[in-house]
Amino acid sequence: YNDDNWKFIFPILFNFVMSVTVYFLTVRLIPRIKNMFVKANLYGIDMNKKSGEKVPEALGVVTGCLFLITLFLFIPIPFTNYIFNDTNFPHSEFMEFLAALLSICCMLLLGFADDVLDLRWRHKLLLPTIASLPLLMVYYINFNSTLIIVPKPLRSWFGFSVDLWIFYYLYMGMLAVFCTNAINILAGINGLEVGQSLVISISILLFNIIELSGDLWKAHQFSLYFMLPYIATSLGLLKFNWYPAEVFVGDTFCYLSGMTFAVVGIIGHFSKTILLFFIPQIINFLYSVPQLFHFIPCPRHRLPKYNKKTDKLQISTTVFNKKDIGSLGKFIAWIFRKLNIIEWQEDDHGIVTCNNFTLINFVLIKAGPMKEPTLTLILLLIQIASSSLAFLIRYPLASIFYEV
Ligand code: P6L
Ligand code: UD1
Ligand code: MG
């Protein structure tokens, strides 16, 4: 084989071997360490089980640390050639690597703080924005491309490309906020947080592998370095978080995942494509908006309700007086009822019982009560179907709108 090919494949192979190793480490470490979490008062009660025992929470901090350690140990590998030959060290690439790690590391800390301290909503929006600043700075220094190519049908109005300028940075900052929180609010049943993150990361991995043969292969190689150990550690975590869950992943894991995806999207220069892998999260977010912004009352937990007799999950509801919601809330409720996407019951006194607006409840409305693992599986299948759609949009469909 040829020498250049080897230089290209060697770091990926090395990373792959490290990832396989860290998977086995994760699987061994979690059962040993999980009781320490209960002792430190980091536990939650599984609301969809009869037993009501304490389940260690925030185990995402374990996989997050293992993920970071793997990458720390990996840092020199892509640069060995330059180190030994002492020429043309690619400082900009190195800087991207460090900034990416810094942002992920920050987010791990913030996520853990959230699990320990139960942060308010405004912090959940502010903190990811701040954690993405080093990243945006590096993007500015190294790349600073804020052009987007206009789809063919719109070119007579906008021209070939539009420079979004500062708005592109705004978009990238918001991407970090969206990715972190969108995963966190599509949650509440065993295995869902890790499961969806795994589907997203495997989709990114496939996209990177496809694009390795393209011009921007370096950026996609960079993304691969992050995705492989991420998938390995998350797979290890899923083993323990799958029904019946022995551990909970916590907000730590959701933040870590979202930030990792935003980081590879931004530094790998595919920050638009990455949103295509978030279709279920986008739908869940849009559906949740009325409750997130309190147009409709939002309880602390919106996860499905457990029925002890049948051992099945059913929709969870929010109960309120119709007089207490504003005109915007009434209007949204009217639209949602016309669209037939909510279950709404009203008694003579104007007391309304209505499902919580989550994708999980939506599936339960359409398919009826079911066992917890079945529900997780259905939601993961939706995630997989959406990823297939994403590839369809990205490749065959994009070639209609762009010359690729
Ligand atoms: C870098 C490169 O691949 O092009 C990007 C590719 C490439 O196109 O950029 O990600 P990049 O890759 O950096 C653009 O520049 C696509 O991925 C896109 C700019 C404008 C895109 C306009 C619409 C995006 C839709 C996102 C997309 C190809 C566009 C195909 C035609 C549009 C079809 C739309 C159907 C949408 C959607 C259906 C989606 C259903 C979603 C349901 C939501 C309720 C995201 C949705 C956002 C909603 C808020 C490195 O090698
Ligand atoms: C988000 C959701 C909330 C949902 C919660 C469940 C919004 C705005 N917030 O809140 O509606 O109820 O996630 O994760 O949509 N739990 C289980 N089984 C599981 C996972 C979690 O019972 O499989 C329970 C446990 O009691 C656990 C708790 O949820 O302790 C964790 O909730 P937390 O992550 O703190 O909730 P938020 O992310 O704030
Ligand atoms: Mg959470």
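Counting from 1, the numbers follow the sequence of the chain as shown. When a ligand or atom number is given, it counts from 1 through the structure's own listing order. It should be emphasised that the depicted structure is a prediction, and the values quoted were computed from it without experimental measurement.
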Item to check | Under-4.0 Å heavy-atom contact with ligand 2, by part of I189 that carries it | outcome: backbone
Next on the checklist: Using heavy atoms and a 4.0 Å limit, tell me yes or no: is K49 in contact with ligand 2?
Outcome noted: no
Next on the checklist: Whether the side chain of S132 engages the backbone of L135 through a donor-acceptor N/O pair (distance < 3.5 Å, no angle test) should be reported.
Outcome noted: no
Item to check | Proximity flag K124 to ligand 2, non-hydrogen atoms under 4.0 Å | outcome: yes
Checklist entry - What protein heavy atom is closest to atom 26 (O) of ligand 2, reported as residue, atom name and distance in Å? => result I45 O, 2.7 Å
Next on the checklist: Closer than 4.0 Å to some heavy atom of G44 - which atoms of ligand 2 meet that?
Outcome noted: 30 (O)
Checklist entry - N190 heavy atoms, cut-off 4.0 Å: which ligand 2 atoms fall inside? => result 18 (N), 19 (C), 23 (O)
Checklist entry - Hey, what's the ring geometry for F226 with F97, parallel, tilted or perpendicular (30° and 60° as the breaks)? => result tilted
Checklist entry - Which of parallel (below 30°), tilted (30 to 60°) and perpendicular (above 60°) describes F391 and F277? => result tilted
Checklist entry - Is the W334 ring parallel, tilted or perpendicular to the F331 ring (thresholds 30°, 60°)? => result parallel
Item to check | K152 NZ/CZ over F401 ring centroid, <6.0 Å and within 45° of normal | outcome: no
Next on the checklist: Go through it in stages, so that I can follow the logic: the residues are E211 and W217, the test is side-chain contact (heavy atoms from CB on, under 4.5 Å), and I'd like the CA-CA distance, side-chain angles, deciding distance and then a yes or no.
Outcome noted: CA-CA 6 Å; E211 292 290 321; W217 61 271; over 6 Å; no
Item to check | Under-2.8 Å neighbours of the Mg ion (ligand 3), protein N/O/S atoms only | outcome: 2
Checklist outcome for this item: In ligand 2, the atoms that come under 4.0 Å of a heavy atom of L292 are 8 (C)
Checklist entry - So which protein heavy atom does atom 29 (O) of ligand 2 come closest to, and at what separation? => result H301 CE1, 3.6 Å
Checklist entry - Which residue holds the protein heavy atom closest to atom 17 (C) of ligand 2, what is that atom called, and what is the gap in Å? => result F248 CZ, 3.6 Å
Next on the checklist: Is a donor from one side chain sitting under 3.5 angstrom from an acceptor on the other, for R302 and T318?
Outcome noted: no
Checklist outcome for this item: heavy-atom search around atom 35 (O) of ligand 2 in the protein gives R300 NH2, 3.3 Å
Checklist outcome for this item: shortest atom 30 (O) of ligand 2-to-protein heavy-atom contact is with E57 OE1, 2.6 Å
Next on the checklist: Less than 4.0 Å is my threshold; does some heavy atom of D118 fall inside it relative to ligand 2?
Outcome noted: no
Item to check | Geometric class of the Y139/Y169 ring pair [parallel <30°, tilted 30-60°, perpendicular >60°] | outcome: perpendicular
Next on the checklist: Looking at E372 and K49, is any side-chain nitrogen of the basic one under 4.0 Å from a carboxylate oxygen of the acidic one?
Outcome noted: yes
Checklist outcome for this item: heavy-atom search around atom 11 (O) of ligand 2 in the protein gives R302 N, 2.8 Å
Checklist entry - So does K218 pair up with E93, basic N to acidic O under 4.0 Å? => result yes
Checklist entry - So H220 and F207, would you call those rings parallel, tilted or perpendicular, with 30° and 60° as cut-offs? => result perpendicular
